[in-house]
Amino acid sequence: QNHLETLTEAIGELPNLKKLNLASNQLLSIPPELCCVTGIVSLNLDNNPLRSPPREVVDSGFGVTMEYLSRFYQSIQTNSLHLVSMGLKAFPVEAQIYTTLQHVDVGDNLIETLPKSIGNHPSLVSLCLPNNMLRSVHKDIQHLVHLAKLHLPFNKLESLPETVSNLRNLEILNLVENEFVTLDSHICQITSLTDLRISHNRLESVSPDVMLLVNLSRCSLDSNLLESLPEEFGAMTSLRHLSLATNDLTALPETFAALTLLTLLDVSDNAIAMLPTGIGMCKDLADLLYEGNPLDKMPLELLSNPRAVMDYLGRLFVAGPPPGFVPAAGVWIGKTKCLNLDDLALQAIPPYIYGLGYLEELSARHNQLADLPPEVSLLRCLKKLNLESNLLKKLPLELCLCPLEELQLDFNAIEEPPDDVRQHGCFVVLRYLKAQYMAKRVGVLDIRECFLTKLPYEIRRLMQPGLHTVDFSDNLMQTLPSLRELCYVQELRVNNNKLVELPDSVRLLTSVTSLHLSHNQLSSLPITLIHLTPLLTLNLDNNHFTAVPPVVCRLSALTDLSVAHNMIPVLDAELGLLKQLRRLTASSNGLQAIADEICDAAELQHLDLSNNNLESLPGYTCQPGHMERLSNLRSLDITGNMIS
């Protein structure tokens, strides 16, 4: 109960002091040298306006007070102040007084603000305030020009003052478990940073100025609310350790290709569907963690093997940009536009690939592909496709939309297209597929020049009511199967095959109005042809007929009949029964005679008898003037005969 305002440091030189009662004075501080009195067992500091030790320390009892003084005393000797877990409610006044301090650690206290006086320590190298109640940092922190480490995790900070950008020697910044919403530009301007940790905050965005952190080697942004990252992220080319786990990221920038020094990348527990292909160029990346993402644009069979994922991504990167990516000019110059997916144990080509419309070459040899989907048609620049050594059974019709020049399918189990089509190469395969593709859309099946020896099952399945025209010309078929499937066809062409006969089931072609069978080896027609009552056009050119088949003369609706280039010596009288016939072509047969009754076909308009052995016209010898009955005749060709 005096008026003491100070206490001399010499108090520490009283080795026998046991009890010290300084209650009810005006003391502002207790000299730290008191801790040198090792025998002291009682200290009363009640009713003093103390600032050092602060009241919350003194109220915690004798032991805590002496521990505080002891740590303070040690800091004077070492220039390092460690006041961890002392219950402090404010930044210690001692740290404000001793300007030579290089290290301050006041973690695990209750400090709410870093005051203006923090700027009084230009020599400070390390400042640690973890696990406090820190809500603000004074702008004068900018004066800590030698500060290399700022450790502020487990606080309540929402931002740092803009002046932190002036901390040109700061290398380590730890803001874990705070309340930051954005990684601000002024933090990104601390270009000296090598280690930035701001995980377990509420980050929703990262400033594009992150590109300025060119020296950053470790960055932890996990457990935030990030949905995207700026493309400028790829400018941090010194990064070796990057953690983005437990955010809401749906994609990563393709500029990750520039992060070639990465050794660890953790993107676990996000919403990423496709990893950036550039990751495949990070050759030192030993730890790639991506569990807890949908990755539905990645091949499922690769996901259990990060090295395989890296390999796959690298192949994509070499080929070119991802779908829909619009890079800066020149970024993708020199890409091959060739994608190699060989030997990846793929069970299907990933749908992602079909978005790479620029691809010119695609190889997927030695996989386990069982199917090629219609989406392959999206590869509108594809010139070479190699699918050797897979499990394919059929090709999609849409493949015909690709401008293929080379197609390799060896060592598969392909049934469709059939072997006699495939063995004739890429263009025949595409022609075969296109025929079916167009048939489903325009009702015309044009399957010429496909080297077919028989009608494949898949072709027969196309025979639906909407199909009105079928052209099997220029193939190698010797016979036609049951024609039940063709009952809806109106025009049927089977020219230039090797047909030796028609099946009796020809009667089922009940809708056919035009039938073309030229350039085959036919010598007869089945009587069942009589059921083709709507037939208007019949072409039998270049076959082995020695007479017009009798059944033809009973097709009463016939208007156009051609039997040129056969071996028919006589046109029989029964042709006169074709009352609707308007065109008859019988050139190059070796004809020697024509029955007068042909003149009964009064509707005949065009008659071609050229290149035969005729000496007279019908009716010229037996019934002079009989041809005058052909009053509708407009053209008559008798060149190449012996008619005088």
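When a residue number appears, it is its place in the shown sequence, counting from 1.
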**Item:** Chi angles and distances behind the side-chain contact (heavy atoms from CB on, under 4.5 Å) call for Leu127, Leu147
**Value:** CA-CA 8 Å; Leu127 176 59; Leu147 190 67; 4.0 Å; yes

**Request:** Begin with the C-alpha distance, continue with both residues' side-chain angles, and end with the deciding distance and a verdict on side-chain contact (heavy atoms from CB on, under 4.5 Å) for Cys188 and Val210.
**Result:** CA-CA 5 Å; Cys188 298; Val210 72; 4.1 Å; yes

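Using modelled atom types, one side-chain atom of Asn367 and one backbone atom of Leu344 make a donor-acceptor pair closer than 3.5 Å. Judged purely by atom type and a 3.5 angstrom limit, Arg168 has no side-chain atom pairing as donor or acceptor with the backbone of Thr191. Using modelled atom types, one side-chain atom of Asp266 and one backbone atom of Ser268 make a donor-acceptor pair closer than 3.5 Å. Proximity of a side-chain donor or acceptor of Ser217 to a complementary backbone N or O of Ser238 within less than 3.5 Å is not detected. A donor-acceptor pair under 3.5 Å is absent between the side-chain atoms of Thr263 and the main chain of Asp284, judged by distance alone. Side-chain atoms of Asn215 never come within 3.5 Å of backbone atoms of Leu193 as a donor-acceptor pair (strictly under, hydrogens ignored). No donor-acceptor pair closer than 3.5 Å links the side chain of Asp209 to the backbone N or O of His186. Asn270 contributes a side-chain N or O that, together with a main-chain N or O of Leu244, makes up a donor-acceptor pair within less than 3.5 Å. Under a 3.5 Å cut-off, the side chain of Ser75 and the backbone N or O of Phe72 do form a donor-acceptor pair. A distance-only check finds a donor-acceptor pair linking the side chain of Glu56 to the backbone of Lys89 [under 3.5 Å].
With rounding to the nearest 0.5 Å, the separation of CD in Gln189 from CG in Asn166 is 9.0 Å. Rounded to the nearest 0.5 angstrom, Leu196 CG and Ser220 OG are separated by 8.0 Å. From Leu160, atom CG reaches atom CG of Asn178 across 8.0 Å, with rounding to the nearest 0.5 Å.
Asp311 and Arg307 are not joined by a salt bridge, as no carboxylate oxygen comes within less than 4.0 angstrom of a charged side-chain nitrogen.
Shown here is Glu162, whose CD atom has no more than 12 heavy atoms of other residues, nucleotides or ligands within 6.0 Å. Within 6.0 Å of atom CD in Glu5, 12 or fewer heavy atoms from other residues, nucleotides or ligands are found, so the atom counts as exposed in its surroundings. Taking a 6.0 Å sphere around CE of Met66, one finds it holds more than 12 heavy atoms contributed by other residues, nucleotides or ligands.
Side-chain contact between Tyr354 and Leu379 is present, with heavy atoms from C-beta onward closer than 4.5 Å. In this structure the side chain of Tyr68 never reaches within 4.5 angstrom of the side chain of Val64, judged on heavy atoms. Side-chain contact between Arg218 and Arg197: present, with at least one pair of heavy atoms (C-beta onward) separated by less than 4.5 Å. At a threshold of 4.5 Å between non-hydrogen side-chain atoms, the residues Thr277 and Glu254 count as touching. Considering only heavy atoms from C-beta on, Pro299 stays 4.5 Å or farther from Tyr352 through its side chain.
Neither side chain, Asn224 nor Asn201, offers a donor N or O lying under 3.5 Å from an acceptor on the other.
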